Protein chains: 2
Amino acid sequence: MDIKQTTSAFAALSQTTRLEALRILIKSGADGMLAGDISDMMEVRQNTMSANLSVLLHAGLVRNEREGRSIRYYADFEGLRGVLAFLMEDCCGGSPEKCQPLINEIACAC
Amino acid sequence: MDIKQTTSAFAALSQTTRLEALRILIKSGADGMLAGDISDMMEVRQNTMSANLSVLLHAGLVRNEREGRSIRYYADFEGLRGVLAFLMEDCCGGSPEKCQPLINEIACAC
DNA sequence: TCCATATATCATGAATAATTGATATATTAT
DNA sequence: ATAATATATCAATTATTCATGATATATGGA
């Protein structure tokens, strides 16, 4: 993970349609969602959604997989992990006690 | 935390100078750093750095505090927590097992 | 008070990115 | 083979964002 990949990932998340799409895919987890179902659910035009999913894909935040005529998209948790790891690199050096609240929040109720 | 605040935070992180500045502040932890020292270290012009720090500030990712003639900036770990929480909301509903690697990465070596 | 230091703001031109209509590609069914 | 469905790509317009030079504000020292 380098600075270019990381800024491109954050740029991908800096726009409402894409952030919501990724949140939907994060909620969908391993089930993923079909591209068309995402655009229907979000009431976004087909080509706009396609372009935005493409940005998320190239940023390494989602994966996809053809399924008949449709294409199913999934959140890429591994890519997300890499981005956050780059951001938080060496955070503990300065102030270990600051990390815990962050961890707790991400941890949710697993 | 809402969608507007979150996209603005990610937009703030989508640019090299700002992402590196925040990474430096995350490493500095509770010590923070003076604005001028950040721009010197990064070899960025004073006004460019000021504008970029201002973006991070309004995005809720850093705090600042006057210190004589200088201004000291700190990473805002609470703001960061909120952004990540919004992104990961309900992630566990879909696929609990995906959360752990993310958590581990953020956790670093505290 | 006057000057130096530290940072912020303003205006502008250059580069990037976003949405859209139109069209292309890929898959499946008849 | 033709048509229908699902998604992607293209071209063009509009909108945002960035770095910069110039200048303003705030603090501390002489």
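If you're wondering where the values come from, they're calculated on a predicted model, not measured in any experiment.
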Take the protein atom CZ of Phe10(A) and the nucleotide atom P of dT17(D), then report the distance between them rounded to whole Å.
17 Å

To check you understand the geometry: which heavy-atom pair defines the closest contact between Tyr73(B) and Leu25(B), and what is its length?
O-CD2, 3.3 Å

Comparing nearest nucleotides in DNA chain C, the 5'-proximal residue of the pair Ser14(A), Glu67(A) is Ser14(A)

Hey, is the side chain of Gln15(B) poking within less than 4.0 Å of OP1 or OP2 on dA19(D), counting only N and O atoms?
yes

Minimum heavy-atom distance Ala59(B)-Ala9(B), with the two atoms named:
CB-CA, 3.8 Å

May I have the distance from Leu13(B) (atom CG) to dC18(D) (atom C1'), rounded to whole angstrom?
16 Å

Kindly give the heavy-atom pair with the smallest separation between Ile26(B) and Leu87(A), and that separation in Å.
CD1-O, 3.6 Å

Kindly work out whether a path of hydrophobic side-chain contacts (I/L/V/M/F/W/Y, heavy atoms less than 4.5 Å apart) joins Ile38(B) to Ile71(B).
yes

Give me the atom names and distance for the closest heavy-atom approach of Gly79(A) to Met1(A).
O-CE, 4.4 Å

I'd like to check Arg72(B) versus Asn64(B) (side-chain heavy atoms, cut-off strictly below 4.5 Å). Are they in contact?
no

If we fit an axis to the first five pairs and another to the last five of the helix from dT1(C)-dA30(D) to dT30(C)-dA1(D), what angle do they make, to the nearest 10°?
20°

Residue pairs passing the salt bridge (Lys or Arg N to Asp or Glu O under 4.0 Å) test where at least one lies in residues 10-22 of chain A, sequence neighbours excluded
Glu20(A)-Arg23(A)

Atom CD of Glu65(B) and atom P of dA26(D) are separated, to the nearest Å, by 19 Å

Starting from P on dT20(C), measure out to CG on Asn52(A) and report it in whole angstrom.
10 Å

Please give me the minimum heavy-atom distance between Asp2(A) and Thr6(A), naming the atom from each residue.
O-OG1, 2.7 Å

I'd like a table of atom pairs between the protein and nucleotides 5-10 of chain C - only N or O on both sides, under 3.5 Å - with the distance next to each one.
{"residue": "dA6(C)", "atom": "O3'", "partner": "Ser70(B)", "partner atom": "OG", "Å": "3.3"}
{"residue": "dT7(C)", "atom": "OP1", "partner": "Ala35(B)", "partner atom": "N", "Å": "3.4"}
{"residue": "dT7(C)", "atom": "OP1", "partner": "Gly36(B)", "partner atom": "N", "Å": "3.2"}
{"residue": "dT7(C)", "atom": "OP1", "partner": "Ile71(B)", "partner atom": "N", "Å": "3.3"}
{"residue": "dT7(C)", "atom": "OP2", "partner": "Gly36(B)", "partner atom": "N", "Å": "2.9"}
{"residue": "dA8(C)", "atom": "OP1", "partner": "Tyr73(B)", "partner atom": "OH", "Å": "2.6"}
{"residue": "dA8(C)", "atom": "OP2", "partner": "Ser50(B)", "partner atom": "OG", "Å": "2.8"}
{"residue": "dA8(C)", "atom": "O5'", "partner": "Ser50(B)", "partner atom": "OG", "Å": "3.3"}
{"residue": "dA8(C)", "atom": "N7", "partner": "Gln46(B)", "partner atom": "NE2", "Å": "2.7"}
{"residue": "dA8(C)", "atom": "N6", "partner": "Gln46(B)", "partner atom": "OE1", "Å": "3.2"}

